[in-house]
Amino acid sequence: LSQEPSLYEERHLRYINLLGKGNFGSVELCRYDPLGDNTGELVAVKKLQPNKQSNMAEFQREIHTISSLHCENIVKYLGVCYSMGRLNMSLVMEYLPNGSLVSYLEKNRQNVNSKRLLLFASQICKGMEYLQSMRYVHRDLAARNILVASETLVKIADFGLTKIIPFDKEYYRVTHPGESPIFWYAPESITEFKFSHKSDVWSFGIVLHELFSYCEHKQNPKKVSMIGNDMQSPSIAMHLVNILKENWRLPAPLHCPPRVYAMMLNCWAYNSEDRPSFSSLGEQIKTYIQDDRE
Ligand SMILES: C[C@H](Nc1nc(-c2c[nH]c3ncc(Cl)cc23)ncc1F)C(=O)NCC(F)(F)F
């Protein structure tokens, strides 16, 4: 197979439709069609919102991040496309037609059993283990940011908030409140804006809950109640941290195997150092897949 060009010419990128809005850019489905005969490949193109120069530096960091990642459980970087001279640039990635885990689980709920949910969970673990080995914290791990490549393969996507942990520290501290809904945030990320591999593990626990509730909002009392009022308001954030301190946690999803719920609770240990690592979670899930009776 020919090596993909890492430089895409704008004139050959044919817009098809908008796929969705990310942290500070939107992702469009395009066909890269240099021959002009519709035989070109479909690609997902992330564009920076125009005139948000401040984000240009962030966007270039995102491009640098994703272009350095080579893992089957991470969405593939294909290249960049410059427009308006070099003023604007877009990130070109592989296009996965099945879309995000949220839409896939809602649509295919009937024929996805717990064995397959565990397979997806183990692949997300693999991707996160790889990310950790590169000293990256994702900071926005959620089912909405997982893509479905096939019925037996999922990939982590959207590295807009990903940061590198400094070599002399165990965490990354941001200077402002987080951008993504606090529902996925570990307590220390809400109260101290601290992000680490262990806060990614907390978010992984939430993703496990999303998987085993097939991303149904009805099953996530906290998520539903937060949709109404302003999700990022400090009072909501402090309320959430307080009930977490009093050991409230999300209830087990319907029909969720008890040992999977136990794993979620381990990821939601209030103190970050009490949470498991992605490698131990991966091992645990692997044994569950082997002896899964379903
Ligand atoms: C902002 C963009 N939103 C969306 N993307 C896609 C999508 C389908 N197929 C895709 N193939 C490659 C990419 Cl990069 C995205 C899509 N579908 C619906 C969306 F709302 C996004 O990146 N979301 C994160 C994640 F990719 F994990 F879904």
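We count ligands from 1, going down the list as the structure has it; atoms in each ligand are counted the same way. Computation of the quantities below employed the complete heavy-atom set of this structure, encompassing side-chain atoms and omitting hydrogens, waters and symmetry-equivalent molecules.
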Q. Under a 4.0 Å heavy-atom cut-off, what residues line ligand 1?
A. Leu19, Gly20, Lys21, Gly22, Val27, Ala44, Met93, Glu94, Tyr95, Leu96, Gly99, Ser100, Arg144, Asn145, Ile146, Leu147, Ala157

Q.
Once side-chain hydrogen bond (donor to acceptor under 3.5 Å, both in side chains) is applied, what residue pairs with a partner in residues 66-76 remain, sequence neighbours excluded?
A. Ser68-Tyr136

Q: Say whether, by atom type as modelled, one donor and one acceptor occur between the side chain of Arg275 and the main chain of Trp268 under 3.5 angstrom.
A: no

Q: Return yes if some donor-acceptor pair links the side-chain N/O of Asp200 with the main-chain N/O of Val137 below 3.5 Å, else return no.
A: no

(Q) Assess the residue pair Asp291 and Arg259 against the criterion (salt bridge (charged side-chain N to carboxylate O under 4.0 Å, His left out)); give the C-alpha distance rounded to whole Å, side-chain angles, the decisive distance to 0.1 Å, and a yes or no. (A) CA-CA 12 Å; Asp291 65 12; Arg259 60 189 184 179; 3.1 Å; yes

Q) So, Asn271 side chain and Glu273 main chain: donor-acceptor pair closer than 3.5 Å or not? A) no

Q: Mark yes or no for whether Arg14, through its side chain, and Arg31, through its backbone, hold a donor-acceptor pair below 3.5 Å.
A: no

